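So the structure is just underneath, and the comments pick up after that.
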Amino acid sequence: MAVYVLQVATGLAGDAVTAVLQDYLYNALLLAGAGFCLWRVAAVREERLPWLVMGLGIVAWTGADIFWTAAYAEDPNAPYPSISDGLWLVYYPAACLTLALLVRSRMKRARGSLWLDGLIGALATAAVACAVAYGPVVHAGGAGGLSPAVATSLAYPIGDLLLLGLVVAIFGLAGWRPGRAWIVLGLGLALSAVADGIYLVQTAEGTYTDGTLVDTLWPASSLLVGLAAWQPASMRSSSKEESVRAVIVPFVCGLVAVVILAYDHFTRVNGVTLVLAASTLLLVLVRTALIFAENRRVLAHSRGEARTDPLTGLGNRRSLMDDLDEQLPLATLDAPCALVLFDLDGFKEYNDAFGHPAGDGLLARLGARLADSVHGHGQAYRLGGDEFCVVLHPGVAGVEPLTAACVAALSEQGEGFEVTTSHGAVVSPQEVISPTAALQLADRRMYARKGGRGMSAGRQSRDVLLRTLSERQPDLHAHLRDTADLALAVGRELRMDPEELDNLARAAELHDVGKIAIPDTILQKSGPLDETEWGFMRRHTIIGERILLAAPALRPVARIVRSTHEHWDGAGYPDGLSGQAIPLGARVVAVCDAFDAMTTDRPYRSRIENPQALAELRRCAGSQFDPQVVAALVRMFEREQAAPGAGRPVRDATAA
């Protein structure tokens, strides 16, 4: 191709060489483009049909050139149309079919707005091309009409306009980011259209000659089409949000149409161009209306999402406040408005036992039942976490029946769990008239009611186990209580969150619950244990885990209890865990358990003072104990040394 362009441009080798290149190399380059397409059909399974059609179309194009050269090149009276014209024109339906098949293969779904963008671009492109090329041809025909040569030649720019329009439409479908394959293919088709347009105008004006740079555009077009066959078959998804270029392109096309219509007032353009420009402008107006409607839908959707809880589909806190601002001022003694807040009881234990996905499913079920229970009487909301709310218009029946229905809707029980709800209600205008005051009063009443409820299932299970330990071994119960005090203080020093502190306190109190199954002769032995006795002792963490797993609310605690005798270096039991693989709560309990054991009298040895115990913990940090946990315990005692009587931190019953 480079040799052909260089010779045509410079004529260095003479006219004879140029003529030979025009007859042979020109057709060889056309066939090369077809060869690339057909080679791709043979080598790659995907998209064989479109490239087969394109390859055969280029072969027909090349055959037309060869036949023209052989039969009509020297004939001054060559027929129009001829057999060559028929073969040349095969290329256009073949190319159109190829584009249609590629779009079907590479773009499964496209928004209607993108189809419209592509059509706008296609019409604008056709209008410009028609104004530049079609007008001079018609003018050249004169009053006597078009000559047969020019009339035959009109079929080519019409085909080129169709192809260019399809390419631009496809670019629009891709959101004007079509990818390399479409760009190369579009460039190839555009070169052919440019060459046909120049040839058409020069033929109409009688200035066309063979062997110019115009002739190099057709083989270049064929080669680019063949190259496009081997580009990655990618096309950007049309489901992305509209970008700036998707707005700019219709604007530019509309501006082009306006310029053409304005130009017609000064210099008349042909009727086809006017129709294309007017159609472009009309579609731009339709596209503008669609953009406005689509933006309104997006805005409405965004507002809906901002006011809706994504898990339950109920209104969220923002929706609640907006509705209260609107409804409370309208409430009267005859038509009151009630606000009822709900907070689930037992939901944390349910989450701990069955996991967060199950917890989310429970919240969704309860939210749906709550909405059904107030249907026709008010609106339900989820404020976050396990907090719900309803705004009611109770009527003559009063608030109590509707509140009872809501309480029933927000309750669920099953094997190993029970979820209930506490609530607080307030009525406007009898008690409050502002949304803020209504929420505050309802919140206080809800938590007052919650405080009067019985203990949770987890707390009850813990108390039963601690009472059992106390009855069997009073000293062991005291050790567990002291260990829990110390563990809570260390947990706070390590900045553990409230949920972790709660599980840590339970695990510290229950970490030796498995010793219920260990014989008293082993537990109270004053001398060292033999290997068999140690085997019994090492099983107590597994037994403790098994006991705690029987209570769903204590399952997170069971995992900690199992690992309380693991060592930082992996030498502990029962699983040989090491380092960060040991739960943090278990590492804290291990350090606090050891400290309490060293500073308490035991049947087999006497207690030691706090400084000696801390020194022993430091010595074993990095082997038996987590160094960071030991450091936290040491820091805590160092801060309290100056305080009178501060032998160990004071127990915080509320945190436990």
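Sequence positions, counted from 1, serve as the residue numbers for this chain. Bear in mind that the values here come from a model prediction, so they are computed numbers and not experimental data.
Taking the side chain as every heavy atom from C-beta outward, L283 and S279 never approach each other to under 4.5 Å. For the pair V225/C37, a side-chain contact is recorded, criterion being any heavy-atom separation below 4.5 Å from C-beta on. When side chains are defined from C-beta on, Y263 does not count as touching I260, because their heavy atoms never get closer than 4.5 Å. Contact annotation: the side chain of R297 never approaches that of F292 to less than 4.5 Å [non-hydrogen atoms, C-beta and beyond]. Side-chain contact between W218 and L191 is absent, with no heavy atoms from C-beta onward closer than 4.5 Å. Side chains of L99 and W182 form a contact here, defined as non-hydrogen atoms less than 4.5 Å apart. Proximity of R180 to V184: side-chain heavy atoms (C-beta onward) are separated by under 4.5 Å at one or more points. Counting heavy atoms from C-beta outward, W61 and L87 have side chains that stay 4.5 Å or more apart.
The shortest non-hydrogen separation linking A127 to A277 is CB-N, 4.0 Å. Of all heavy-atom pairs between Y91 and S221, the closest is OH-OG, 4.5 Å. Minimum heavy-atom separation, S222 to I58: OG-CG2, 3.4 Å. Of all heavy-atom pairs spanning Y381 and L370, the tightest one is O-CD2, 4.5 Å. Smallest separation of non-hydrogen atoms from L363 and D386: CD2-CA, 4.3 Å. Across all non-hydrogen atoms, the minimal contact from G186 to V167 is CA-CG1, 3.7 Å.
At distances below 3.5 Å, not a single donor-acceptor pair connects side-chain atoms of T308 with backbone N or O atoms of L314. When atom types are taken as modelled, the side chain of S84 and the backbone of W68 share a donor-acceptor pair closer than 3.5 angstrom. Checking side-chain atoms of S105 against main-chain N and O of L101 turns up no donor-acceptor pair under 3.5 Å. Looking at S578, its side chain never comes within 3.5 Å of a backbone N or O of G570 through a donor-acceptor pair. Of the possible donor and acceptor atoms, one in the side chain of D215 sits under 3.5 Å from a partner among the backbone N and O of G211. A donor-acceptor pair under 3.5 Å links the side-chain atoms of N27 to the main chain of D23, judged by distance alone. Checking side-chain atoms of S319 against main-chain N and O of N316 turns up no donor-acceptor pair under 3.5 Å.
Side-chain contact of T312 with D309: a donor-acceptor pair under 3.5 Å is present, judged by distance alone. For E412 and Y350, the side-chain atoms include no donor-acceptor pair closer than 3.5 Å. A donor atom on one side chain and an acceptor atom on the other are found under 3.5 Å apart for D85 and S82.
Once rounded to the nearest 0.5 Å, the distance linking CG of L320 with SG of C389 reads 4.5 Å. Distance CG/L217 to OG1/T212: 8.5 Å, rounded to 0.5 Å. Separation of atoms CD (Q7) and CG (L21) is listed at 6.0 Å; rounding is to 0.5 Å. Atom CG in L187 sits 10.0 Å away from atom CG in L227 (nearest 0.5 Å). Residue T62 holds its OG1 atom at 4.0 Å from CG of L31, rounded to the nearest 0.5 Å. One distance of note links CG of D360 with CG of N351; it measures 7.0 Å at 0.5 Å rounding.
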* CA sep, side-chain torsions, deciding dist, call: F342, V390, side chain to side chain contact (heavy atoms under 4.5 Å, CB included) -> CA-CA 8 Å; F342 302 93; V390 293; 3.7 Å; yes
* Kindly indicate, with the supporting measurements, whether the criterion side chain to side chain contact (heavy atoms under 4.5 Å, CB included) is fulfilled by T280 and V256. => CA-CA 9 Å; T280 301; V256 168; over 6 Å; no
* To do: Any chance you could lay out the side chain to side chain contact (heavy atoms under 4.5 Å, CB included) test for T216 and Y4, step after step, and finish with the verdict?
  => CA-CA 8 Å; T216 65; Y4 179 54; 3.8 Å; yes
* Asked: Where do L223 and M1 land on the side chain to side chain contact (heavy atoms under 4.5 Å, CB included) test, with the steps shown first?
  -> CA-CA 9 Å; L223 290 174; M1 185 69 205; 3.9 Å; yes
* Y199 and Y208: CA distance, side-chain angles, deciding distance, ring pair (Phe, Tyr, Trp, His ring centres under 6.0 Å) verdict -> CA-CA 7 Å; Y199 172 79; Y208 174 75; 4.7 Å; yes
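A salt bridge links D323 with R307: the distance from a Lys NZ or Arg NE/NH1/NH2 to an Asp or Glu carboxylate oxygen falls below 4.0 Å.
A salt bridge (charged side-chain N to carboxylate O under 4.0 Å, His left out) check over residues 44-64, counting only residues at least two apart or in different chains, returns the pairs R40-E47, E47-R106.
Figure legend: cation-pi geometry between R555 and F354, with NZ or CZ positioned under 6.0 Å from the six-membered ring centre and within 45° of its axis.
No more than 12 heavy-atom neighbours from other residues, nucleotides or ligands sit within 6.0 angstrom of CZ on R559. Annotation: R318, atom CZ; neighbour count of heavy atoms from other residues, nucleotides and ligands within 6.0 Å does not exceed 12. Remark: F36 CZ is loosely packed, at most 12 non-hydrogen atoms of other residues, nucleotides or ligands lying under 6.0 Å away.
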